[in-house]
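Beneath this line is the structure, given in structure tokens, with notes to follow.
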Amino acid sequence: MRWWAGAWWVAGVLVLAACSSSAGGGSAGATSGSRSAEPSTNTPTPTSVSPSTRPSSSGSSGPSPSVSATASPSSAAGCVSGHTEVTVGPGGAVTRRLCVRPGTVVSLILEPRVDDKRWTTVQSSAPVFVVVSGWRLDPDGTTHASLRCAGTRGGSAKVTALAKAPDVAGAARPAFTLDVTVVPYTQQG
């Protein structure tokens, strides 16, 4: 390794360390809307559900769903923690926003499309914040993707679901985007 390559490596490590230790952490303060669902039974904080998002099927008799208001970055009360389920149906919105707490697991359910395209894959723009950890295709064409959010960091990522006609050459195109914002818990001190 040449001396200048080592110098660039050290400079890169110092920049990353400075960015990760700054207050507010990068894009965590970005404006986000909240489409959230009620948490699983092990998290006591009540949240709400929008018409296009369903709560997880945990069998709990928790609070009843209601329409959610948009959460501002300074008030992350509308963010989901624990487990939530987002369903994308035919004719639904092409882009949705979701505010989550660190460690949240999101089940993305992509219902069969009405055109000749089929869901092919789900990709994350920032796997450090949201990683696609599972993918399953049902015989009826419904696709299930499991998304795991960062454990401690705050930031945002675009999760893109790609679709393609099976008999047409070429790459799959983005058909749905979920803008996920991970908002960390406030720290004392």
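Just so you know, residue 1 is the first one in the sequence shown, and it goes up from there.
- Checked by atom type and distance alone, the side chain of S125 pairs as donor or acceptor with a backbone atom of K158 at under 3.5 Å.
- The CZ atom of R101 sits 12.0 Å away from the OG1 atom of T181 when rounded to the nearest 0.5 Å.
- None of T177, V122, D179 except one satisfies the side-chain contact (heavy atoms from CB on, under 4.5 Å) rule with V159; the exception is V122.
- Annotation for V128 and A150: closest pair O-CB, 3.6 Å, computed over non-hydrogen atoms.
- Taken to the nearest 0.5 Å, the CD atom of E111 stands 6.0 Å off from the OG1 atom of T87.
- Under 3.5 Å, the side chains of S107 and H83 contain a donor-acceptor pair of N or O atoms.
- Residues Y185 and S81 approach most closely at OH-CB, 3.6 Å, considering heavy atoms.
- Listed for the T160 side chain is no donor-acceptor partner under 3.5 Å among the backbone atoms of P174.
- Summarising the geometry of G141 relative to P112, their closest heavy-atom pair is C-CG, 3.8 Å, with the distance given to 0.1 Å.
- Residues A163 and T120 share a closest heavy-atom pair of N-OG1, 4.1 Å.
- V183 and C99 make their closest contact through CG2-SG, 3.7 Å (heavy atoms, listed as atom of the first residue, atom of the second, distance).
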- Task: Determine, stepwise, if the pair V130 / C149 fulfils side chain to side chain contact (heavy atoms under 4.5 Å, CB included).
- Result: CA-CA 4 Å; V130 178; C149 300; 4.2 Å; yes

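- To the nearest 0.5 Å, atoms OG1 (T121) and CG (L162) are separated by 6.0 Å.
- Between the NE2 atom in H144 and the CG atom in L110 there is a gap of 9.0 Å [rounded to 0.5 Å].
- Between L178 and L147 the shortest side-chain heavy-atom distance falls below 4.5 Å.
- Residues R113 and A175 come closest through the heavy atom pair NH1-CB, 3.3 Å.
- Within the 3.5 Å criterion, the main-chain N or O of T142 finds a donor-acceptor partner in the side chain of D140.
- Atom NZ of K164 has more than 12 heavy atoms from other residues, nucleotides or ligands within 6.0 Å.
- W135 and L108 fall within a single hydrophobic cluster, where Ile, Leu, Val, Met, Phe, Trp and Tyr side chains are chained together by heavy-atom contacts under 4.5 Å.
- To the nearest 0.5 Å, atom OG1 of residue T143 and atom CZ of residue R136 are 9.5 Å apart.
- Residues V182 and P102 meet the side-chain proximity criterion, which asks for heavy atoms closer than 4.5 Å.
- Distance check, rounded to the nearest 0.5 Å: CD1 of I109 to CH2 of W119 gives 13.0 Å.
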- Item | Check against side chain to side chain contact (heavy atoms under 4.5 Å, CB included), V131 and S124 | CA-CA 6 Å; V131 66; S124 175; over 6 Å; no

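- Residues V80 and V132 are members of one and the same hydrophobic cluster, defined by side-chain heavy-atom contacts under 4.5 angstrom among Ile, Leu, Val, Met, Phe, Trp and Tyr.
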